[in-house]
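This report refers to the structure that appears directly beneath it.
Since the structure is predicted, the reported quantities are computational estimates derived from the model, not experimental observations. Just so it is clear: chains get the letters A, B, ... in the order the sequence lines come, proteins before strands, and each one is counted from 1.
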Amino acid sequence: MRPHYIPLHSMFQDRLHSQLVPALQLAFKALFGHDLAAKAITFQSTRPEFEGDITINVFPFLKVSGKAPEQTAQAIGEFLQKEVPVVARFNVVKGFLNIQISDAYWLGFLREARSKDILQFPSNGRKVMVEYASPNTNKPLHLGHMRNIFLGYSVSRILESAGNDIVRVQVINDRGIHICKSMVAWRKFGNGETPSATMKGDKLVGKYYVEFDRIHKKEIDGLIAAGRSKEEAEKGSPILLEAQEMLRKWEANDPEVRALWERMNSWCYAGFDATYERAGVHFDKNYYESQTYLLGKNDVLEGLKRGVFYEKDGAVWVDNTPEGLDEKVLLRRDGTSVYMTQDIGTAIKRFEEYPGLSQLIYTVGNEQDYHFKVLFLILKKLGFAWAGELHHLSYGMVDLPSGKMKSREGTVVDADDLMEEVVTEARAAGERLSKLDDFSEQEKTELFEMIGMAALKYYLLKVDAKKRMLFDPAASIDLQGHTGPFIQYTYARTQSLLRKAGIMDVWQHEHSGAWPLLPEERTVLKLLHQFPAVLNESATKLDPSSVANHAYELVKAYNSFYQTVPVMKEEDPAKREFRLELSSCVAAVTRKAMWCLGIEVPERM
RNA sequence: GGUCCCGUAGCUCAGCUGGAUAGAGCAGCAGCCUUCUAAGCUGCCGGUCGUUGGUUCGACUCCAACCGGGAUCGCCA
């Protein structure tokens, strides 16, 4: 059961609906002598080809009304028009009652929306931890990490806008055999190489990880050629044995190994920091596996004592077969932990460190769906009240046009290269349009950075997170159509208008109602009106794509308005000011929606 | 084999708790800049919503089976 982040009635859309529901109930009582449950009423947006704002489908009520669809809708429509002030008029098409909401209502809404940030919900008193990165320190970040990071960061901002207090964390897998592999290779073949301007620390460590793999494979081939079985060869390779020996020394706190480990990890962190900075994300706290990998053992033993787990062949197991899952080892026969054990301990530790924590969200790929299902179930079995507030924000893998990304085959897209590429492309496009001749080099650099990153982030966020997606490099640097830069462009347009108009803080002219709202204005107003509900939906579903797609709908509608309706060129000052107010509200909502996606918007472009 | 996810236009994706002739973008075609930023706007072209059944007044949406794609089920991390 996920919480509603704000009371429903404080969202404009629901507030409007709540004016209609009691009236509908009265209508049914008066017209058909029927007590209509509020739940039975659903509203939908009127399709653009018909006149109206809200549509009620009367098909479900035909039994109650005992009349044909048209007559039923007509009767209800007449009742509503007479009884509800915001209902301006209505029309009936087949079984659909299309209701037109009064201009006065929309103008009132705009005025209210202008006076505050309609996408910032009041605090709900909840603290939510979002884990949205979990890199290994033996290789650089790639495209898959980018989806993870942008997704989790966006969700954290969406939740923040929805009134939650957020703790952003990453967990760094800084120990284990994989790091030792890089360390062994560097010690043997590195000749003291250190990070440089042309070789970031994470790239350097990754280079030796690859080098290890190369030697390892060569040794395996050699052993097989010498008559060993494949399995023997894989386990008996000298360089692998060396890495395992290094891991043992690390666990025994060998000073030399620890020093090398510290040194190479610090290179890696410096590299990650640069990547994160360019990506525009930050963390409130880092969890290091080297400090948490022993956690969980005592909790498992405690669970064993209480009969939550059981012992078999000297190992500790949990039986999840009653829940349709499998049995799972939690402590090996030699008493050591498995990954699950650590995760149990780490979750417990986090709730101890943050006593007021309401929810914990793990942003991790869907290949770990099963792992988290088991983890959450175990914590529930251990009796933690917060176990129900754990959430796996699962996302699909990113494929390339050439197929799956495989590090072994060198088909991974490096995160730094990717960001560099989109920014370069943004620059090329910007120079081509040459609208920015008065910009300094510095200003241009900042702008193109903003645009390129918007292209990349929006491309990754507009797709439903849980779905596997295709990364098309050409499409990701596209600046037209359903893209981040298109949204930025529209924002820049609004700013251009508002600059020309000067800052307007007050309505100087009353809207007399003498002129009706234009269809283009209405469309934009309705999309603005829906935004809080969309944000709430995104927050509830932990899904940025709703906000992303709605932002696109909004700016598309605004562009259409902009292209056909004069604003500054409008001679009637009341109309001009109204359209500027509308533009200003579109700008504010667009900026906030993009903020929720971790994307900045420019004043000009 | 068990469990889970996905299958909508040539390509990439939207389609809310079932509701009106299934929507965008890209690609293709045709228009629109002496006037508020053409990174834009307008129109055209393009779909038996994987298949077959079922539930319903009504199914892209719910259920079942099947086909196709993917993930996962270690005393690995």
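Along RNA chain B, the nucleotide nearest to A:Gly324 and the one nearest to A:Phe448 differ in position, and the one closer to the 5' end is contacted by A:Gly324.
Between A:Lys467 and B:A14 there is a side-chain polar atom (N or O) within less than 4.0 angstrom of OP1 or OP2. Taking 4.0 angstrom as the limit, A:Lys94 places a side-chain polar atom (N or O) nearer than this to OP1 or OP2 of B:U21. The phosphate of B:U37 (OP1 or OP2) has a side-chain N or O of A:Tyr562 nearer than 4.0 angstrom.
Across all non-hydrogen atoms, the minimal contact from A:Lys235 to A:Leu241 is O-CD2, 3.6 Å. A:Val338 and A:Val329 make their closest contact through CG2-O, 3.4 Å (heavy atoms, listed as atom of the first residue, atom of the second, distance).
When distances run from any side-chain atom of A:Lys569 to the nucleotides B:U42, B:C36, B:A20, the shortest one goes to B:C36. Proximity note for A:Met469 (side chain, C-beta onward) versus B:A71, B:U37, B:C13: the nearest is B:C13. Side chain of A:Leu470, nearest nucleotide from B:U3, B:U12, B:U21: B:U12. For A:Lys373, the listed nucleotide lying nearest its side chain is B:C4; candidates were B:G40, B:C4, B:U42.
The interatomic distance linking A:Asp464 (CG) with B:C13 (C1') rounds to 10 Å, in whole Å. Taking atom CD of A:Glu537 as the reference point, atom C1' of B:G15 lies 11 Å away to the nearest angstrom. In this structure, A:Phe439 atom CZ and B:U37 atom C1' are separated by 11 Å, rounded to whole Å. Distance, A:Glu603 CD to B:U37 P: 14 Å, rounded to whole Å. Residue A:Phe61 contributes atom CZ, which lies 12 Å from atom C1' of B:G19 at whole-angstrom precision. Atom pair A:Lys404:NZ and B:G69:C1' shows a separation of 11 Å (rounding to whole Å applied). If you take CD of A:Gln495 and P of B:C36, they are 18 Å apart, rounded to a whole angstrom. One atom, NZ of A:Lys500, and another, P of B:C36, lie 7 Å apart when rounded to the nearest Å.
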_Once pairs are restricted to Watson-Crick or G-U wobble with both distances under 3.5 Å, how does RNA chain B read as a dot-bracket string, [ ] for crossings and | for other-strand pairs?_
(((((((..((((.....[...)))).(((((.......))))).....(((((..]....))))))))))))....

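The same atom, P, is picked in B:U51 and in B:C60; the two are 11 Å apart, to the nearest Å. Only the P atoms considered, B:A59 is 15 Å distant from B:U52, to the nearest whole Å. The C1' atoms of B:C63 and B:A30 are separated by 47 Å, rounded to the nearest whole Å. Going from the C1' atom of B:C76 to that of B:G50 covers 37 Å, rounded to whole Å. Atom name P, nucleotides B:A20 and B:C62: the rounded distance is 16 Å, in whole Å. When the C1' atom is compared between B:C5 and B:U42, the two are found 40 Å apart, to the nearest whole Å. If you take atom C1' in B:A9 and the same atom in B:A27, they sit 12 Å apart, rounded to whole Å. Nucleotides B:C49 and B:G23 have their P atoms positioned 14 Å apart, rounded to a whole Å.
Put simply, A:Phe96 rests on the base of B:A20: the two rings are less than 5.5 Å apart at their centres and nearly parallel, under 30°.
Using a 4.0 Å heavy-atom distance criterion, A:Ala475 is classed as making no nucleic acid contact. A:Leu497 comes within 4.0 angstrom of a base, heavy atoms only. Base engagement by A:Asn98 is indicated by at least one non-hydrogen atom pair under 4.0 Å involving a base atom. A:Ile451 comes within contact range of at least one nucleobase, with a heavy-atom separation under 4.0 Å. Nucleic acid contact class of A:Val93 (heavy atoms, under 4.0 Å, all strands): base. Using a 4.0 Å heavy-atom distance criterion, A:Val565 is classed as a base contact. As judged by a 4.0 angstrom heavy-atom cut-off over every strand, A:Ser496 is placed among the base-contacting residues.
Ion pair A:Arg248/A:Glu251 not flagged as a salt bridge, since none of the NZ, NE, NH1 or NH2 atoms sits closer than 4.0 Å to an Asp/Glu carboxylate oxygen. With respect to the salt-bridge test (charged N to carboxylate O, under 4.0 angstrom), the residues A:Lys444 and A:Glu431 qualify. Using a cut-off of 4.0 Å between Lys/Arg side-chain N and Asp/Glu carboxylate O, A:Arg579 and A:Glu521 are scored as salt-bridged. Using a cut-off of 4.0 Å between Lys/Arg side-chain N and Asp/Glu carboxylate O, A:Arg333 and A:Asp313 are scored as not salt-bridged. Here A:Asp438 pairs with A:Arg604 in a salt bridge; the nearest charged N to carboxylate O distance falls below 4.0 Å.
For the ring-ring contact (aromatic ring centres under 6.0 Å, His included) criterion with A:Tyr293, the lone passing option out of A:Trp250, A:Tyr339, A:Tyr287 is A:Trp250.
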Can you tabulate the close N/O pairs, meaning under 3.5 Å, that link protein atoms to atoms of nucleotides 56-64 of chain B?
none

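Residue side chain A:Thr55 reaches the base of B:A20 through a donor-acceptor N/O pair under 3.5 Å, judged by distance alone.
A side-chain N or O of A:Ser394 and one of A:Asp369 form a donor-acceptor pair less than 3.5 Å apart.
In the region residues 428-438 of chain A, proximity to RNA chain B at under 4.0 angstrom, judged on heavy atoms, holds for A:Leu433, A:Lys435.
B:C33: glycosidic angle within 90° of 0, hence syn.
Here A:Tyr459 pairs with A:Phe471 under the ring-ring contact (aromatic ring centres under 6.0 Å, His included) rule; sequence neighbours left out.
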*Any chance you could list the contact pattern along nucleotides 23-33 of chain B? Use B for base contacts, S for sugar-phosphate-only contacts and - for none, protein heavy atoms under 4.0 Å, 5' to 3'.*
SSSS-------

*Along nucleotides 72-77 of chain B, 5' to 3', which nucleotides get a B, which get an S, and which get a -, given that the test is a protein heavy-atom distance under 4.0 Å?*
SS-BSB

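Checked against a 6.0 Å centroid threshold, the rings of A:His392 and A:Phe376 do not count as neighbours.
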